[in-house]
Amino acid sequence: QKAAQNLKPVVPIKFRISSRTDTGVHALCNSAHVDIQRAPGKPAFNEKQLVYSLNYHLKPEPIRILNVYRVTNSFHARHSALSRTYVYRLLVGCAHFSEIPVFERDLCWAPGGGYLNVPAMRDAAQFLLGTHDFSTFRSLNSETAFQSPVRTILQADIQPSSGFLSHHYEHRGLEFWELKFRSRSFLYRQVRRMVGALVAVGQGRLAPRHIKELLEMKDARAFPPNAMAPPSGLFLKSVEY
């Protein structure tokens, strides 16, 4: 918003963001809409001008504008979204957090215990697909306590991935995995709790069927203690319209 105010609008600018993320969560791509009114007689900005101008004023910030599109007056960055896709990055093969590659620090989660049973995690993830009451997978707070807990998970995949510059340390035997989730919307900390439960399955602390049982309990207090995944491995990948 501060960067946009440098464009000299005649009305203060307010960005409407598509999604909010927890502290420590990253965004590969988020979206927002904004109304910019220029002084009478001045032409509207074109898309390229906005990208260049906003990024010029965002130099000191860890954020960049990738694209700008002109939309109708009825468009809303949050309410018009068809779905949101999150990716969670796991690192397997570290006996201690000090073994996480320095370039991956705060960009993944290396759960203790080493090996993960990925086939069991994939079996468990199937129970999350579809429309369910996700009360067990919601962190309760004052803002969301009265929100409907029913959500529809359109995608829940677990695929091998690569780390940043990982081909330079292949000898270390580290494995990266990405858990991808897509839904129109998610509950507060739902993705981190789903990831934590799936990792517990991969570690053998839960069986795949326990994910189904947790869903059926519809009670946030039934979620295993200290099982929620940390924010560092979570990325908002995209918002689909």
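In what follows, residues are counted from 1 in the order of the sequence shown. Worth saying up front: this structure is predicted, and the values here are computed from it rather than measured. Any value given below was found using the heavy atoms of this structure, including those in side chains, with hydrogens, waters and symmetry copies removed.
- In this structure, L236 is not a member of the same hydrophobic cluster as I65, with clusters built from ILVMFWY side-chain heavy atoms closer than 4.5 Å.
- Under a hydrophobic clustering in which Ile, Leu, Val, Met, Phe, Trp and Tyr are joined whenever their side-chain heavy atoms come within less than 4.5 Å, directly or via other members, L179 and F235 fall into different clusters.
- Clustering ILVMFWY residues whenever any of their side-chain heavy atoms sit less than 4.5 angstrom apart, transitively, puts V191 in a cluster other than the one holding L28.
- Distance alone, capped at 3.5 Å, is enough to place a donor-acceptor pair between the R64 side chain and the E61 backbone.
- The shortest non-hydrogen separation linking L206 to P224 is CD1-CG, 4.2 Å.
- Defined by atom type and a distance below 3.5 Å, a donor-acceptor pair is missing between the side-chain atoms of Y86 and S183.
- Of all the heavy atoms in H79 and H76, the pair that sits closest is N-ND1, 3.2 Å.
- Distance check: Q190 CD to S185 OG gives 8.0 Å after rounding to the nearest 0.5 Å.
- By the rule that hydrophobic residues join a cluster once side-chain heavy atoms approach within less than 4.5 Å of another member, V201 and L116 end up as members of one cluster.
- Remark: side-chain polar atoms of H33 are paired, donor with acceptor, to backbone N or O of A77 under 3.5 angstrom.
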Practice item. Step by step, work out the side-chain contact (heavy atoms from CB on, under 4.5 Å) result for N67 and V51. Key: CA-CA 7 Å; N67 286 298; V51 171; 5.7 Å; no
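- No donor-acceptor pair under 3.5 Å is formed between the side chain of Y241 and the backbone N or O of S83.
- Residues V150 and H132 are not in side-chain contact: their nearest non-hydrogen atoms beyond the backbone lie 4.5 Å or more apart.
- Between L90 and M121 the shortest side-chain heavy-atom distance falls below 4.5 Å.
- A centroid separation of 6.0 Å or more is found between the aromatic rings of F181 and F186.
- Tracing side-chain contacts under 4.5 Å through hydrophobic residues (I, L, V, M, F, W, Y), one never reaches L107 starting from F176; they form parts of separate clusters.
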Exercise for review: Start with the C-alpha distance between D133 and L215, add both sets of side-chain angles, then the distance that settles side-chain contact (heavy atoms from CB on, under 4.5 Å), and finish with yes or no.
Suggested key: CA-CA 7 Å; D133 181 323; L215 278 170; over 6 Å; no
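- Looking only at atom types and distance, the side chain of S135 has no donor-acceptor partner in the side chain of D219 under 3.5 Å away.
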Check your understanding: For L198 and L128, what are the C-alpha separation, side-chain angles and deciding distance, and is it a side-chain contact (heavy atoms from CB on, under 4.5 Å)?
Key -> CA-CA 10 Å; L198 293 177; L128 297 170; 4.2 Å; yes
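- A 4.5 Å side-chain heavy-atom check between Q49 and N46 finds at least one atom pair inside the cut-off.
- Residue pairs meeting the ring-ring contact (aromatic ring centres under 6.0 Å, His included) criterion with at least one partner in residues 89-116, sequence neighbours excluded, are F103-F164.
- Annotation: side chain of Y169 is in contact with side chain of L174 (closest heavy-atom distance under 4.5 Å).
- No donor-acceptor pair under 3.5 Å is formed between the side chain of R189 and the backbone N or O of M228.
- The line from CZ of R193 to CZ of R138 is 10.0 Å long, rounded to the nearest 0.5 Å.
- Not one N or O on the side chain of Q5 forms a donor-acceptor pair closer than 3.5 Å with the backbone of K2.
- For CZ of F75, the number of neighbouring non-hydrogen atoms (other residues, nucleotides, ligands) closer than 6.0 Å is greater than 12.
- Inter-residue side-chain proximity for R151 and L187 is flagged as met; some heavy-atom pair is nearer than 4.5 Å.
- Between the side chain of N55 and the main chain of L58, no donor-acceptor pair closer than 3.5 Å is present.
- Pairing each heavy atom of E99 with each of G93, the nearest pair is OE1-O, 4.0 Å.
- Closest approach of Y88 to P230, counting heavy atoms only: OH-O, 2.6 Å.
- The backbone N or O of L214 lies less than 3.5 Å from a partner atom in the side chain of T136, making a donor-acceptor pair.
- Between the side chains of E240 and T85, at least one donor N or O lies within less than 3.5 Å of an accepting N or O.
- Residues C29 and K237 are not in side-chain contact: their nearest non-hydrogen atoms beyond the backbone lie 4.5 Å or more apart.
- Atom CZ of F15 and atom CG of D35 lie 10.5 Å apart (nearest 0.5 Å).
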Exercise for review: Could you walk me through whether S19 and N30 pass the side chain to side chain donor-acceptor pair (under 3.5 Å) test, one step at a time?
Suggested key: CA-CA 7 Å; S19 303; N30 203 343; 4.6 Å; no
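- Here salt bridge (Lys or Arg N to Asp or Glu O under 4.0 Å) pairs that include residues 78-92, with residues two or more places apart or in two chains, are R89-E104.
- Looking at residues two or more places apart in sequence or on another chain, you find no side-chain contact (heavy atoms from CB on, under 4.5 Å) involving N226.
- Using cut-offs of 30° and 60° for the angle between ring planes, the F134 and F137 rings count as perpendicular.
- Of the inter-residue distances, the one linking M194 atom CE with R192 atom CZ reads 12.5 Å to the nearest 0.5 angstrom.
- Under the 3.5 Å distance criterion, the side-chain polar atoms of D22 are left unmatched by any main-chain donor or acceptor of V25.
- Under a 3.5 Å cut-off, the side chain of E213 and the backbone N or O of H210 do not form any donor-acceptor pair.
- Contact annotation: the side chain of V87 never approaches that of Q159 to less than 4.5 Å [non-hydrogen atoms, C-beta and beyond].
- By the 4.5 Å heavy-atom criterion applied to side chains, V34 and R16 are not counted as neighbours.
- Under a cutoff of 6.0 Å and an axis angle of 45°, R209 and F127 do not form a cation-pi pair.
- Taking SG of C108 as the reference point, atom CG of L91 lies at 4.5 Å (rounded to 0.5 Å).
- The backbone N or O of D157 lies less than 3.5 Å from no partner atom in the side chain of R122, so there is not a single donor-acceptor pair.
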Practice item. Using the side-chain contact (heavy atoms from CB on, under 4.5 Å) rule, take I36 and V11 through it: C-alpha gap first, then chi angles, then the decisive distance, then the call. Key: CA-CA 7 Å; I36 302 177; V11 177; over 6 Å; no
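- If you take CG on N6 and OG on S53, they are separated by 9.5 Å, rounding to the nearest 0.5 Å.
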